[in-house]
S.K.: 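Mind having a look at this structure? Questions to follow.
Computed from a predicted model, the values in this text were never measured in an experiment.
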Amino acid sequence: MSRSILIVEDEFIVANDVRLILVQAGYQVMGIAASAEEAEEYLLKRKPDLVILDIRLEGAVTGIDFARKLKAENIAFVYLSANSNQKVLEEAKTTEPYGFLVKPFREQDMLVTLDIAWYRHTHSLESKLRQEEQLQKQLTAISNEHSDAPVKLEKVVRAMQPFIPFDYMSTGLRPPDGEHLSDIGYLRIGFNEYQFVGENELLTITGLTKQHLASVTHNTPTVNQPVMLNVDAVAKGSLQQLMSDQFSMLSCLLFPVSLGYGLSVLYSFYSRQPGAYTNDHLVLLGRLKPALEELVGKETYYSTTAGPVKNHPVTSRRSTTDNAKSSGFNGVIGNHPLFLAALDLASQVANYSTSVLILGESGTGKERVAQSIHQFSPRKQGPYIKVNCAAIPPTLIESELFGHEKGAFTGAIEKRKGKFELAHGGTIFLDEIGELPLPMQVKLLRVLQEREIEYVGGRSPVKIDVRVVAATHRNLEKEVAEGNFRLDLYYRLNVFPITLPPLRERKSDIEALSLFFANRFCQSFNKPFNGIATSMLGTLNDYDWPGNIRELENIIEQSVVLNDGKSPLQLARKLQPATPQLNTGPANTIDEIKHMHRETERDYIVSILKKTKGRIRGNDGAAELMKIKPTTLESKMVKLNIKRQDFFEAGEGFNSQ
């Protein structure tokens, strides 16, 4: 049966050309709509398999607005537009299109793009359903095991992590026992590590008495329906506020599962990122509800209080057959939530042949993550070919990537395979993809779409089976807007983006990274390692790290080289702590505006804290002066990396009361 397509395009000549191409290719064209309103009338009559959609349309409703409706109804769509405005691109990207065609386009480009879009749509849906089915089976198997509640919950945590992002997950009886907190949970402390938290552990961490903790539990509102909350919306004095204060959680998702007789078990997910939860997560939990009900029906999670304090390393978050894959992230150091979220994405996409685009500043570890994706994947026995697009002269890059025939150009004395053919059956890593010249971008796009290459000087195409992982330090949306990068190539590469945070946004990882590099260099130079001086660690934490991890590595190496082998490492050269500089010139991009806003807000909060001598709560506290909740101020301080030394001179005290 031929697939049905709706064309939504307000230029009739373009729309009719598209219609003729599609009919000739065997597609069934439902019709041509010149506006979103007209397109909705078609949807009321019949849902198409695919929609070709122009971003700019007649009427008040834009193509992007209509795309959101298509996404909500799970209808695949491909954008058709010549618009390359950065703001429009950023907005279009949020709708997650299945492809992008740039006017003017070749007939073959359109047909290949539609084939890819349909393949991605059907397979992503099937893959999603298979993964959810597998998760339900895992939960059922866990419920049938004969083990205690903490062990079972750890397995539930392990199973749920790839589907719902959280830094802490707990479960407990509602309404709670008046004397004891029945909740038990696991705090994420690393990529594959979780720490058990029961009543005793929570008392130790918070310093509260049992009576105070019972009061907090009593003050926590009953949750009868699933709810998503940011830190500002949680009830004062509640268990959710306690978790926010103690573990710097900024959002939570609460999902109750009924036990009958007025009792329920509350599953709580907490994240250190604001707005981490969406309706998609609620819908997923709704589909999993039967399995969760079976789980709590067979195991009284809530009957236990704290167990022994222990770390629970999680060797795999999918199945025991994948345990060996955990080694793929060896050498990747850090447990900051932003970094762990990026690793989660990398581990989830590794099993597929989906193209991956790794974004991040220079020195953030993009190459290491790319190699880990390959090592996690079914292609790990195949070749892994690295290409630095910025290091190849423009005149040679086509030959380097696709190969050349003998005599194709001066100096081509023999036939030579290109990087793509060498990567057949494996992965090719295109580093600094943003540096590719525009003519090569066109050829790369065709290779990605048609899965075949053509030698320089060759006459017949060569089929290839290659997984593409690309990386860049550039803002590709800005490059597209400035005409330096092709819009269709950007969307072809941006199937699965992973953004690595800069080191200045994950400063909690600096000590672990420093120790890792110090140990490695001391072993390499055959020197004893006597630790790192406290003063050096303090300076490292104060620095802004424009060169990111690569710069930190170089500084540690210098310190090891100059160390006498008898004392802790000291800085080999002075680092100037970064001081925020307000940009008085005009902001040219959204990122620049966000950065200026962040620095202005940080300076303002620091000035208020200096005025109140660090006092946050109570009369004349910083929160009162700023007319916001103390918990909101504290979360802002964490987000903006405001530390005690920013508003106190040495020797002064800090008062959060």
Side-chain angles (χ1 to χ4, degrees), residues 3 17-18 20-27 78 99-102 104-120 123 352-356 374 377-379 381-389 391-431 433 435-470 485-493 495:
R3 292 189 284 273
D17 285 345
V18 172
L20 292 174
I21 292 172
L22 296 177
V23 170
Q24 188 175 5
Y27 285 99
V78 171
F100 208 110
L101 283 165
V102 177
F105 51 84
R106 296 187 310 159
E107 177 180 332
Q108 179 66 16
D109 290 341
M110 167 170 280
L111 297 179
V112 170
T113 298
L114 292 176
D115 283 342
I116 292 172
W118 181 249
Y119 178 87
R120 283 181 56 199
H123 282 72
Y352 306 95
S353 292
T354 304
S355 297
V356 179
H374 174 71
S377 75
R379 296 172 176 263
Q381 301 301 328
Y384 175 75
I385 304 297
K386 297 184 292 185
V387 181
N388 188 334
C389 299
I392 306 174
T395 54
L396 297 178
I397 194 163
E398 184 176 2
S399 171
E400 281 291 313
L401 291 180
F402 309 136
H404 62 256
E405 296 284 359
K406 181 179 179 181
F409 51 83
T410 304
I413 58 175
E414 60 181 0
K415 182 177 180 178
R416 184 169 179 266
K417 290 183 177 181
K419 301 295 187 182
F420 269 89
E421 192 172 1
L422 292 173
H424 182 76
T427 303
I428 187 168
F429 174 49
L430 302 176
D431 196 10
I433 190 75
E435 310 305 315
L436 271 184
L438 280 169
M440 273 308 304
Q441 292 177 27
V442 177
K443 295 179 180 180
L444 176 60
L445 175 64
R446 291 175 185 170
V447 169
L448 295 178
Q449 291 184 157
E450 298 170 17
R451 294 291 171 181
E452 60 184 28
I453 60 171
E454 192 169 301
Y455 280 46
V456 176
R459 296 184 178 180
S460 57
V462 178
K463 287 290 183 182
I464 54 169
D465 173 24
V466 175
R467 196 241 185 103
V468 176
V469 179
F485 202 82
R486 285 186 63 90
L487 182 61
D488 42 9
L489 178 59
Y490 167 70
Y491 271 97
R492 188 67 188 87
L493 291 169
V495 175

S.K.: Given L448 and L489, is the side-chain contact (heavy atoms from CB on, under 4.5 Å) satisfied, shown in steps?
M.R.: CA-CA 9 Å; L448 295 178; L489 178 59; 3.8 Å; yes
S.K.: Using modelled atom types and a 3.5 Å cut-off, is there a donor and acceptor pairing between side-chain atoms of H424 and backbone atoms of D465?
M.R.: yes
S.K.: Spell out, as yes or no, whether a donor-acceptor pair under 3.5 Å connects the side chain of R467 to the backbone of T354.
M.R.: yes
S.K.: Side chains of E398 and P439, heavy atoms from C-beta outward: is any pair under 4.5 Å?
M.R.: no
S.K.: Quick one: pull up CG in N388 and CZ in F429 and give me the separation to the nearest 0.5 Å.
M.R.: 8.5 Å
S.K.: I'd like to know if K415 pairs up with E421 as an ion pair, taking the criterion as any Lys NZ or Arg NE/NH1/NH2 lying under 4.0 Å from an Asp or Glu carboxylate oxygen.
M.R.: no
S.K.: Give me the atom names and distance for the closest heavy-atom approach of M440 to F402.
M.R.: CE-CE1, 3.5 Å
S.K.: Classify the ring geometry of F100 against Y491: parallel below 30°, tilted from 30° to 60°, perpendicular beyond 60°.
M.R.: parallel
S.K.: Atom OG of S399 and atom CD of E405: how far apart are they, to the nearest 0.5 Å?
M.R.: 10.5 Å
S.K.: Check L111 against A25 and note the closest heavy-atom contact, atom names and distance.
M.R.: CD2-CB, 3.6 Å
S.K.: What are the two closest heavy atoms between L493 and A470, and how far apart are they?
M.R.: CD2-CB, 4.2 Å
S.K.: Has the side chain of H404 got a donor or acceptor atom that lies under 3.5 Å from a matching backbone atom of G458?
M.R.: no
S.K.: Salt-bridged, D115 to R3, with N to O below 4.0 Å?
M.R.: yes
S.K.: Using the rule given for side-chain contact (heavy atoms from CB on, under 4.5 Å), can you reason through L430 versus L436, listing the C-alpha separation, both sets of side-chain angles and the distance that settles it, and then say yes or no?
M.R.: CA-CA 10 Å; L430 302 176; L436 271 184; 5.8 Å; no
S.K.: Which value, rounded to the nearest 0.5 Å, describes the distance between R492 atom CZ and L444 atom CG?
M.R.: 10.0 Å
S.K.: Strictly distance-based, threshold 3.5 Å: is any side-chain N or O of R451 a donor or acceptor partner for the main-chain N or O of V466?
M.R.: yes
S.K.: Output yes when R416 and E400 qualify as a salt bridge under the 4.0 Å nitrogen-oxygen rule, no when they do not.
M.R.: yes
S.K.: If you look at every heavy atom in V447 and I453, which pair is closest and at what distance?
M.R.: CG1-CG2, 3.8 Å
S.K.: Give me the atom names and distance for the closest heavy-atom approach of A408 to G457.
M.R.: CB-CA, 4.0 Å
S.K.: Could you state the interatomic distance from CG (D109) to CD1 (I21), rounded to the nearest 0.5 Å?
M.R.: 10.0 Å
S.K.: Hey, could you give me the CD/CG distance between Q441 and D488, rounded to the nearest 0.5 Å?
M.R.: 9.0 Å
S.K.: Nearest 0.5 angstrom please: T427 OG1 to K386 NZ, how far?
M.R.: 13.0 Å
S.K.: Stepwise, does the side-chain contact (heavy atoms from CB on, under 4.5 Å) test hold for V18 with F105?
M.R.: CA-CA 10 Å; V18 172; F105 51 84; 3.8 Å; yes
S.K.: Find out whether E454 and R446 are in side-chain contact, i.e. whether some heavy atom of one side chain is under 4.5 Å from a heavy atom of the other.
M.R.: no
S.K.: Nearest heavy-atom pair of A423 and I428: which atoms, and what distance?
M.R.: CB-CB, 3.9 Å
